[in-house]
Every structure is written in C-alpha cells, then in structure tokens.
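One structure is given below, encoded as structure tokens.
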Amino acid sequence: MQYQWYPGHMTKAKRQMQEDIKLADLVIELVDARIPVSSHNPDIDEMGKNKSRLVLLNKADLADEAANRAWCQYYKDQGMFAVKLDARNRSGIKEVQGVIQEACKDKIERNRRRGILNRPVRAMVAGIPNVGKSTFINSFAGKACTKTGNKPGVTKGKQWIRLNKNAELLDTPGILWPKFEDEITGLHLALIGSMKDENLNMDEMAMELIGVITEKYQGLLAERYQLDESLERSVVLEQLAQNRNCLKKGGGLDYTKAASLLIDDFRSGKIGRITIELPG
Ligand code: G4P
C-alpha cells in the first residue's frame with residue numbers, strides 16, 4: 001500500500017509547532033493507546049527535548065487495560081510522565097491536572113527561587129491527526145475556563161486557556177504527521193482509521209488485524225464470529241465472509257466487505273479491547 005501526505009502541510013505544521021513549543025514548559029503528546037509506536041512522530045522528541053513531557057495514551061477505552069498499564073510504565077521508565085485517558089468520556093482528566101503540576105515541579109520551584117510566584121505553567125498539546133487532541137482540549141479546559149487572550153510574545157491569534165491558577169493550555173494543538181517508517185506503521189495507522197479508507201487495501205488490513213488478534217487475543221474472533229482461528233489468515237477471512245453472508249452482486253464471496261466489517265467492529269471496540277502494539 002502507498003501512503004502519502006502533502007509535504008506543504010507538513011512543513012507548515014511543523015514550523016508552527018516549533019514556534020509554539022518555545023512558549024511551553026510542558027509538551028503533552030497524545031498517542032493512540034492501541035498503537036502508541038505508530039501514532040508517535042519522533043520529531044517531537046527533538047522539538048521537545050528541553051521540555052517536560054507528558055504522554056497521554058488516549059482512546060484507552062478501546063485498548064487492552066493490561067497493555068495501557070504496561071505502556072504507562074514504559075514511558076515512566078523513559079523519564080516521561082504518562083496517563084491513560086478516555087478524552088471522550090473525561091475518564092483520566094482529573095489525573096492529568098495533577099500530573100501537569102508534578103511534571104512542572106522543577107520549573108515552578110525555579111520560578112519560586114527567583115521570586116516569581118503564581119506564574120502558571122504553560123502546556124501545549126500535540127499529536128498526529130485524529131488522535132483526540134481537540135476532544136482532549138475541550139474536555140480538559142471545559143466551558144468554565146477563561147481564555148487569557150493574547151499576551152506579548154505570543155504568536156498573533158494564539159490563546160492560552162487558564163486551567164486553574166497554576167496552569168495554562170495553548171488552545172490550538174500542534175499537529176504532527178505520522179511517520180511511515182515501514183509498511184507496518186502505515187497498516188496500523190490505517191487500521192485505527194487514521195487515513196481515508198478509499199485508497200486503502202482493506203483485505204491487507206484485515207489480514208494484519210486477524211494476525212494480531214489470533215496471536216495476542218486468542219478466542220476473541222472465535223467467540224464473536226465463530227471462526228476457526230487455527231486456520232490461515234486468508235481462510236479466516238473467507239470464513240468470516242461466509243458466516244456473515246458477505247456476497248458480491250454477481251455471486252461469490254465478497255472478501256472486501258468482510259474485511260470492512262471486521263475493521264469497523266475493531267475500530268468501534270465491538271471485538272474487544274485490543275492493543276495492536278505492545279511495549280518491548
Ligand atoms: P484530533 O483533534 O486529534 O484530530 O482528534 P479529535 O479530537 O477530532 O478526535 C477524533 C475522533 O476520536 C473523534 O471521533 C473523537 O470523538 C474520538 N475520540 C477522541 N478521544 C477519544 C477517546 O478517548 N476514546 C474514544 N473511543 N474516542 C475518542 P469522530 O468519530 O471523528 O467524531 P464523533 O464520533 O465523536 O463525532
């Protein structure tokens with residue numbers, strides 16, 4: 001499969017982010033909890049290298065709970081802060097408030113020693129498209145928060161949202177573009193719905209998904225679709241087409257329809273809570 005982004009947009013977004021990041025004490029990166037590796041763009045490591053880092057494993061409601069915990073530990077081992085989150089249902093939001101203070105403790109202490117009191121720490125949100133940045137900002141900032149307006153040194157049009165007396169959040173997130181380092185990264189991003197389905201090979205995506213689920217989450221496919229998981233992936237897909245009566249107009253099994261059905265069920269969490277990429 002070929003994956004393409006538009007270099008013009010990417011360059012502009014990156015430049016914008018480089019500017020914004022200078023104003024922040026803390027970089028809050030959202031990744032998709034189902035694919036924390038593929039939904040992370042390593043450029044942010046370079047851009048945020050002198051900042052505190054908080055990783056939010058968003059859409060944790062769709063991911064495997066044990067894997068969420070393992071990932072949180074993984075990031076902590078790397079010296080970052082991490083929280084699992086369901087931004088849509090606001091689950092985990094409270095914890096984020098506390099962790100922001102914790103992550104900026106050194107900065108607050110430095111300010112205090114220099115006699116600067118009550119200066120809120122500033123955080124900016126970043127992540128690849130569709131990872132839940134806007135949902136998070138809305139859930140987190142809530143309606144009650146006031147925008148603090150433009151301030152000197154802030155790019156025109158930028159607004160800081162006062163979260164509480166200790167923290168402010170930049171209202172526009174930084175957009176990172178996925179980095180397709182290999183075919184698998186592209187496949188995984190496609191599976192979670194990060195790319196327009198029109199140009200994708202659904203059969204190939206379904207095969208990858210069947211492989212992951214039968215290997216790491218044995219029994220889930222057998223239970224939901226009455227499939228024999230010991231068979232080859234292509235045969236499993238064929239069985240699914242049969243069991244769900246996916247037929248082409250002129251007759252014969254419609255594998256692509258079966259693949260779409262499987263992928264839709266995965267994306268909406270109907271098959272179960274599945275993490276495609278595990279740490280280590
Ligand atoms: P972005 O700014 O990073 O591009 O992402 P955005 O907030 O627009 O969220 C993308 C999609 O992900 C939205 O769904 C949003 O509701 C969903 N989403 C965000 N956070 C979570 C989460 O923690 N769990 C789950 N399950 N979903 C989440 P959508 O289908 O595009 O819109 P809608 O169905 O909400 O209208």
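We count ligands from 1, going down the list as the structure has it; atoms in each ligand are counted the same way.
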Query raised in the report: Any N/O of Val131 closer than 3.5 Å to an N/O of ligand 1?
Result: yes
**Report entry** Charged N-O contact under 4.0 Å between Asp61 and Arg88
**Finding:** no
Query raised in the report: Where's the contact between Thr135 and ligand 1, heavy-atom distance under 4.0 Å: side chain, backbone, both or neither?
Result: both
Query - side chain to side chain contact (heavy atoms under 4.5 Å, CB included) between Lys59 and Asp86, worked out - result: CA-CA 5 Å; Lys59 308 198 185 183; Asp86 171 1; over 6 Å; no
Requested in this report: Examine Gly132 against ligand 1 and note whether any of their N/O atoms are separated by less than 3.5 Å.
Outcome: yes
Query - Enumerated ligand 1 atoms positioned under 4.0 Å from heavy atoms of Leu62 - result: 26 (N)
Query - Basic-acidic side-chain contact under 4.0 Å: Lys179, Asp43 - result: yes
Query - Ion pair Asp32/Arg34, N-O distance below 4.0 Å - result: yes
Report task. Would you verify that at least one protein heavy atom lies under 4.0 Å from atom 36 (O) of ligand 1, or report that none does? Result -> no
Query raised in the report: Hey, is NZ on Lys216 packed in by over 12 heavy atoms from elsewhere, all under 6.0 Å?
Result: yes
Query raised in the report: Where the closest heavy atom to atom 8 (O) of ligand 1 is concerned, which of Ser91, Ser134, Ala126 has it?
Result: Ser134
Query raised in the report: What protein heavy atom is closest to atom 33 (P) of ligand 1, reported as residue, atom name and distance in Å?
Result: Arg88 NH1, 4.4 Å
Query raised in the report: Judged by atom type as modelled, is there a donor-acceptor pair below 3.5 Å linking the side chain of Asp254 to the main-chain atoms of Thr256?
Result: yes
Query raised in the report: Counting only N and O atoms by type, is there a donor-acceptor contact under 3.5 Å from the side chain of Glu229 to the main-chain atoms of Ala222?
Result: yes
Report summary line: Atoms of ligand 1 under 4.0 Å from any heavy atom of Asp61, numbered from 1 in the order shown, are 22 (C), 23 (O), 24 (N), 25 (C), 26 (N)
**Report entry** Nearest-contact summary for atom 11 (C) of ligand 1 - protein heavy atom, Å
**Finding:** Asn130 OD1, 3.6 Å
Query - Protein heavy atom under 4.0 Å of atom 26 (N) of ligand 1 - result: yes
Report summary line: Any heavy atom of Leu30 under 4.0 Å from ligand 1? The part involved is neither
Query raised in the report: Considering only the protein, which heavy-atom contact is closest to atom 18 (N) of ligand 1, and what is its distance?
Result: Lys59 CE, 3.7 Å
Report task. May I ask whether atom 3 (O) of ligand 1 is less than 4.0 Å from at least one protein heavy atom? Result -> yes
Query - Sub-3.5 Å N/O-N/O distance, Ala87 and ligand 1 - result: yes
Query raised in the report: Does atom 23 (O) of ligand 1 have a protein non-hydrogen atom under 4.0 Å from it?
Result: yes
Query raised in the report: Using the ring of each side chain (for Trp, its six-membered ring), is Tyr74 parallel, tilted or perpendicular to Trp71, with breaks at 30° and 60°?
Result: perpendicular
**Report entry** Short side-chain to backbone donor-acceptor contact, Glu277 and Val37, under 3.5 Å
**Finding:** yes
Query raised in the report: Is it true that a side-chain atom of Asn58 and a backbone atom of Val131 form a donor plus acceptor pair closer than 3.5 Å?
Result: yes
Report summary line: of all protein heavy atoms, closest to atom 20 (N) of ligand 1 is Asn58 ND2, 3.1 Å
